[in-house]
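FYI, side chains are in, hydrogens and waters are out, and symmetry mates aren't considered; it's all heavy atoms of this structure. We number each residue from 1, following the sequence as shown.
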Amino acid sequence: MPELCVGERRWTVPAASNLLDALNEAGVNVPYSCRAGSCHACLVRCLDGHPLEAMPEALSPAQREQGWRLACQCQVQGDLRVAVFDPRLDGLAATVCDLAWFGAVLRLRLRPERPLRYQAGQHLVLWLDGVARPYSLASLPGEDDFLEFHLDCRQPGAFCDKARQLALGAELRLGELRGGALHYDADWQARPLWLLAAGTGLAPLWGILREALRQGHQGEIKVMHVARDRHGFYLDAPLQELASRYAQLSVQQVVVEEWEQALAGLHLGSRQTVALVCGAPGRVERFARRLFIAGVPRNQVFADVFVEHA
């Protein structure tokens, strides 16, 4: 059987074992969230040997060159020596500089120990007391001097339970920065732009909206935010303030009970429309279905599905 080695520990595992399971079953704490290669919380570094990978394209060539792999997507085929991601050594320290609650949504702002280069719409893995989770950035690079995240804390969860106890000055560690499916392209300036969000799926779209306006977007911008109830419209004030300043921006806030009617009201004025969608899987699927019916070309729909954390 193949031998697995972490530090001074060595043990054998059955061939074709999932690397994440083999590590955690042996007491090597490797965090994970999605087990689908999306969240990137289970990064490990292969120091010797090569596992069989299901999704090699999930990591950049530079990461792979350094030996990084996603444990959830690897099978142990032969002897393998790995090092787990250590946020104290491999992560970037960041300090909590602001905390604000909007119902069950926590707006978390962090100030990293050194500037972080990123684009609106990207994800960042946050580490807190050994728990790692990916969250979309809601801040705007070059304008905000902090990193902003919107955490839905309605349900219990390993990360959210710890986040509820955060105080100003507390330290987190920042893990991998990822591209994400959402972005703003300067070539879209004259085209209609639809930003459709469910719950805290609004977080990356908030950054992208402000990026579009900063770049002088000329086409219409439609924002639709779907929430469980009126208390879920946690960015109501800043959205309305922007809408009062920019004539091309309209904001529609929809509770779930009225969602089907609101979706039926999405009528395409131009085949040039670009749509960005974000939220939980079921919500994104319903948005995408309606966009298809409305006539938005598939290659002009960009969707980011939130990982449902445990």
Distance-minimising heavy-atom pair for [X] and [Y]:
X	Y	result
Gly37	Gln73	N-NE2, 3.5 Å
Ala294	Leu268	O-CB, 3.3 Å
Arg228	Val255	O-CB, 4.3 Å
Trp188	Leu193	CE3-CD1, 4.2 Å
Cys72	Cys42	N-SG, 3.4 Å

Please determine, by modelled atom types, if [X] and [Y] share a side-chain donor-acceptor pair under 3.5 angstrom.
X	Y	answer
Ser139	Tyr118	yes
Gln300	Gln272	no
Asp236	Gln253	yes
Gln189	His217	no

Within one Ile-Leu-Val-Met-Phe-Trp-Tyr cluster: [X] and [Y], side-chain cutoff 4.5 Å:
X	Y	value
Leu128	Leu43	no
Leu166	Phe149	yes
Phe306	Phe302	no

Checklist line | All pairs passing salt bridge (Lys or Arg N to Asp or Glu O under 4.0 Å) where residues 239-250 contributes a residue, at least two apart | finding: Glu241-Arg245
Item checked: Cation over ring face, Arg289 and Phe292, 6.0 Å, 45° -> no
Checklist line | Cation over ring face, Arg9 and Trp11, 6.0 Å, 45° | finding: yes
Margin query: Using 30° and 60° as the class boundaries, would you call the ring planes of Tyr234 and His225 parallel, tilted or perpendicular?
Written below: perpendicular
Notebook entry, point to check: Among Val76, Val28, Val6, Val30, whose side chain to side chain contact (heavy atoms under 4.5 Å, CB included) with Val82 holds?
Noted result: Val6
Without placing hydrogens or testing angles, list every side-chain donor-acceptor pair under 3.5 Å for residues 91-108, not counting sequence neighbours.
{"unit_1": "Asp98", "atom_1": "OD2", "unit_2": "Arg107", "atom_2": "NH2", "d": "2.9"}

Quick one, [X] and [Y] - any side-chain contact, counting heavy atoms below 4.5 Å?
X	Y	result
Leu291	Leu196	yes
Arg283	Val256	yes
Val296	Trp194	yes

Item checked: Partner residues of Glu257 under the salt bridge (Lys or Arg N to Asp or Glu O under 4.0 Å) criterion, sequence neighbours left out -> none
Notebook entry, point to check: Excluding sequence neighbours, so at least two apart, what forms side-chain contact (heavy atoms from CB on, under 4.5 Å) with His123?
Noted result: Ser136, Arg178, Asp304
Checklist line | Listed partners of Arg117 passing side-chain contact (heavy atoms from CB on, under 4.5 Å), at least two apart | finding: none
Next item on the list: Verify the ring-centre separation between Trp259 and Phe287: is it less than 6.0 angstrom?
Entry: yes
Note to self: Using salt bridge (Lys or Arg N to Asp or Glu O under 4.0 Å), reason through Glu285 and Arg290 one step at a time and then give a plain yes or no.
What the structure shows: CA-CA 9 Å; Glu285 182 180 350; Arg290 184 61 208 179; over 6 Å; no
Margin query: Between Leu137 and His150, is the side chain to side chain contact (heavy atoms under 4.5 Å, CB included) condition met? List the steps.
Written below: CA-CA 8 Å; Leu137 284 149; His150 302 161; over 6 Å; no
Item checked: Cationic N near anionic O, under 4.0 Å, Arg173 to Glu171 -> yes
Distance-only donor-acceptor pairs under 3.5 Å for side chains of residues 204-216, two or more places apart:
{"unit_1": "Arg210", "atom_1": "NH1", "unit_2": "Asp144", "atom_2": "OD2", "d": "3.3"}
{"unit_1": "Arg210", "atom_1": "NH2", "unit_2": "Ala138", "atom_2": "O", "d": "3.0"}
{"unit_1": "Arg210", "atom_1": "NH2", "unit_2": "Asp144", "atom_2": "OD2", "d": "3.1"}
{"unit_1": "Glu211", "atom_1": "OE1", "unit_2": "Arg214", "atom_2": "NH2", "d": "2.5"}
{"unit_1": "Glu211", "atom_1": "OE2", "unit_2": "Gln215", "atom_2": "NE2", "d": "2.7"}
{"unit_1": "Arg214", "atom_1": "NH1", "unit_2": "Pro141", "atom_2": "O", "d": "2.9"}
{"unit_1": "Arg214", "atom_1": "NH2", "unit_2": "Pro141", "atom_2": "O", "d": "3.0"}

Next item on the list: Calculate, to the nearest 0.5 Å, the distance between atoms CG and CZ belonging to Leu126 and Arg133 respectively.
Entry: 11.0 Å
Next item on the list: Could you grab the distance from atom CG of Leu249 to atom CD of Gln240, nearest 0.5 Å is fine?
Entry: 8.5 Å
Item checked: Intermediate values then yes/no, salt bridge (Lys or Arg N to Asp or Glu O under 4.0 Å), Arg286 and Glu260 -> CA-CA 9 Å; Arg286 290 174 71 182; Glu260 287 301 329; 2.3 Å; yes
